[in-house]
Protein chains: 2
Amino acid sequence: MSMPDTPVHDRLSGRADPHAVMHGEIGKRKTVVMKFGGTSVGTIERIRNVAKRVKAEHDRGRRVAVVVSAMAGVTNRMVGYCAELDPLADPKEYDAVVAAGEQVTSGLVSIALQALGVKARSFQGWQIPLVTDDAHGKAAIESVDGAALLACLDDGIVPVVAGFQGVGPDGRIATLGRGGSDTSAVAVAAAINADQCDIYTDVDGIYTTDPRIVKRAKKLDRITYEEMLELASVGAKVLQTRSVGLAMRENVRVRVLSSFAETDDDSGSIVVDEDEIMEKELVAGIANSHDEAKISVRNIPDRPGIAAAIFDPLAAANINVDMIVQSVGVDNMTNMTFTVSKADEAAARSVLEKAREYVQYGELLTSHSVVKISVVGIGMRSNAGLAARMFRTLADRGINVQVISTSEIKISVLIDSEYTELAMRALHTAYGLDAKEEADA
Amino acid sequence: MSMPDTPVHDRLSGRADPHAVMHGEIGKRKTVVMKFGGTSVGTIERIRNVAKRVKAEHDRGRRVAVVVSAMAGVTNRMVGYCAELDPLADPKEYDAVVAAGEQVTSGLVSIALQALGVKARSFQGWQIPLVTDDAHGKAAIESVDGAALLACLDDGIVPVVAGFQGVGPDGRIATLGRGGSDTSAVAVAAAINADQCDIYTDVDGIYTTDPRIVKRAKKLDRITYEEMLELASVGAKVLQTRSVGLAMRENVRVRVLSSFAETDDDSGSIVVDEDEIMEKELVAGIANSHDEAKISVRNIPDRPGIAAAIFDPLAAANINVDMIVQSVGVDNMTNMTFTVSKADEAAARSVLEKAREYVQYGELLTSHSVVKISVVGIGMRSNAGLAARMFRTLADRGINVQVISTSEIKISVLIDSEYTELAMRALHTAYGLDAKEEADA
């Protein structure tokens, strides 16, 4: 994605002088949230490096709040303990156990900062308080009180927030589910009205596609919330979908950057509102998801209400159906093909076998060897040719599209998983996303 | 220690029928606190065993509250992390880090209980709340609100309390210092007015002396708070001194028993008020402490104020002086000999070297090769011959007593550490403490 000569971001952030005009206020110091994931705080040495990064931002005159995950491996160990005792462990107790990981990191990072002469203090979810709903184990954030954090910032103290955790309406520890620390960071950023939420992770930004598959994948300088949301939901694992949704609602600028490389204000990729991107690319990225199982219900006598007869019992069993296509076969018989997540496949089969007599279908087929490829971009909204380009590109390679689904800014196709790499590379080139340096090589 | 035919304890506890008359109330169910140390919850398998023990008490119709330590090794790892980042880590952050260990265990034990069909829930210090003073890292308990715990018990739910931790007046996590989980257990027992506080540990009770040194050491069925307090303070490591002091003040019956052996209401050793022991032994036990360093300040011109000239600067440097003896040498010169803890020895030397000119002493000698042997028993109060027996026993073995100190129910002597085992065995026999089965063998 090419950038205008003077990006909006740089004009606002006043990189040359942190005390320059920002957001129309003179002399306002920039407030940033710095979030570090599990690998970034995985050892004591890495925690020291995190503290150095935070000190560097602090020394630039910025007001810094930190959000941390558990040290890599700790959460898995805690989850393992709970499962060993009871695979269906009480989510309230599970939460008390696993939230301890972030508690430890918050204290250790505070100690590391103090050792560098930076005033710091840890905050657990209940101390902020960061209040969640009562869905223990996968709680949603209801509110974050910014007062205590802001008081710290005003006193020159770096608050170090234990991510992933809050306190439920029952006064008990609640966790936000996997990847919840990103969501914590965005929520904290919103609560203290931060200018930016920097997510430090083990990759250096958001790419047009998976660089392990497409060598010419290009790091995006900017991407819109909508695009990131679609990419996250169809397989790009850099940011958790919920955190992007929250950032969009709360209008928090989120930046993804590496916690291992040298970084500056231009590093990484920033997720912002569409208005902040002046020269918009039509397509932001291409994602793939292998989490789909294809189910075909074949040879159903065509009559009204067939779709309901199939999908109502699936919904009742809490099984999410993703892509759907209906086709008409010989003798006025119809076929219904759709996808569910692989985890739900067995349950879906069981539901459909029970419905066999009522639906009167001839055959039930399932397949794992499919992949969902998605092209995401805000250009999809206005440019009808973008979809056609996808189908033509795939057809030229002899790749058969089994199912199609679309959203406002996304087209997804289900294809045979053997063609994953071929399809992604071809689409990456067709949409003009290839990195120039690689193209020249 | 021999027992009367019908011990007071058994008459009160109604062992044959848990619903029998207790404490003068008809039908009152017995309330017990069960505390499990780090080795008792050191693995998931052991946590399962702890849950089984708790379930057994619960199934007997008792109201059970549980207090747990961190899994063995966890606290040391956390302390190591903090020290690696900063040997002088902020105690508030140190507390947030190390308290996570007990948090994990409280959740895991609750899960294990639920898996056995026992209703349970974890409590962190801040959730009770168990309020401490602000001496982070070694906080003292100020108050424990029993309401939430009692509400659980009334609902048939086993509260599982994270030991060692509370919340300070600043709203931050505070830990009670090493061994603090015993103190937590006693404080919880007092708050819920428990009939007994059972401390499950890796030994099966309180012994007359260290069984590793004296084979004929005898398990005590009962011991008074005062005796236990003196024994704990002079080297017996079964119970933390603070927990015994609290139990005495709050009149909590504390029992020490094994978490690995089969136990019943008669197992282990119970620490109770003197009034509850009908047939009192004169001497309860013999302890030793190798934590003493002997310091001799020799050849001081004898004049008024010599003691103050020596001990005032030590006190100012926060160095605790334990045993003291003053002796007169030749030419009206005096010698002052005393002990400090080994950790304070270097500091004490440095203080005294600075005071040399003022005190005008001739020589400063220190020795590590000393041991403090203490005989503890409530009989000391009234029986003057008990002290004489100690000196005669040691003299008969040719053991020179270097310093003597006494309290109401204790005599301590400082001797050459080479004689530790000889002295302890001789005293154990002299005071009639030898176990009969061993004596017969």
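Proteins get letters first, then strands, A, B, ... in listed order; numbering begins at 1 in each.
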Would you give the length of the straight line joining atom CZ of A/Phe36 to atom CG of A/Asn49, rounded to the nearest 0.5 angstrom? 10.0 Å
Using non-hydrogen atoms only, which part of B/Leu88 is less than 4.5 Å away from chain A: side chain, backbone, both, or neither? neither
Toward chain B: residues of residues 183-190 of chain A with heavy atoms under 4.5 Å: none
Any carboxylate oxygen within less than 4.0 angstrom of a Lys/Arg side-chain nitrogen, looking at A/Arg172 and A/Glu93? yes
Ranked by heavy-atom pairs below 4.5 Å to chain A, first place among B/Ala89, B/Ala120, B/Ser106, B/Ser110 goes to B/Ser110
Select one option (side chain, backbone, both, neither) describing which atoms of A/Gln127 are under 4.5 Å from chain B's heavy atoms. side chain
First locate atom NZ of B/Lys92, then atom CD1 of A/Ile111, and finally report the distance between them rounded to the nearest 0.5 Å. 12.5 Å
Among B/Lys30, B/Lys35, B/Arg255, which residue satisfies the salt bridge (charged side-chain N to carboxylate O under 4.0 Å, His left out) criterion with B/Asp198? B/Arg255
Indicate yes or no: does A/Asp182 engage A/Arg242 in a salt bridge with an N to O separation below 4.0 Å. no
Can you say whether A/Glu45 sits under 4.5 Å from chain B via the side chain, the backbone, both, or neither, judging by heavy atoms? neither
Per-residue contact mode, A/Ala51 against chain B (heavy atom under 4.5 angstrom): neither
Identify which one of A/Val66, A/Val50, A/Val54, A/Thr263 satisfies the side-chain contact (heavy atoms from CB on, under 4.5 Å) criterion when paired with A/Tyr200. A/Thr263
Identified side-chain contact (heavy atoms from CB on, under 4.5 Å) counterpart of A/Asp95 within the set A/Leu176, A/Val167, A/Thr175: A/Thr175
Where on B/Ala162 is there a heavy atom nearer than 4.5 Å to chain A: the side chain, the backbone, both, or neither? neither
Straight-line distance of A/Leu85 CG to A/Tyr94 OH, nearest 0.5 Å: 13.5 Å
Which of the residues A/Arg48, A/Gln103, A/Gln124 is involved in the greatest number of heavy-atom pairs with chain B at under 4.5 angstrom? A/Gln103
Max heavy-atom pairs within cutoff under 4.5 Å with chain A, candidates B/Ala96, B/Ser122, B/Gly171, goes to B/Ser122
Salt-bridge contact A/Arg121-B/Asp90 (side-chain N to carboxylate O under 4.0 Å): no
Checking side-chain contact (heavy atoms from CB on, under 4.5 Å) against B/Thr31, which of B/Ile192, B/Val64, B/Leu150 comes through? B/Ile192
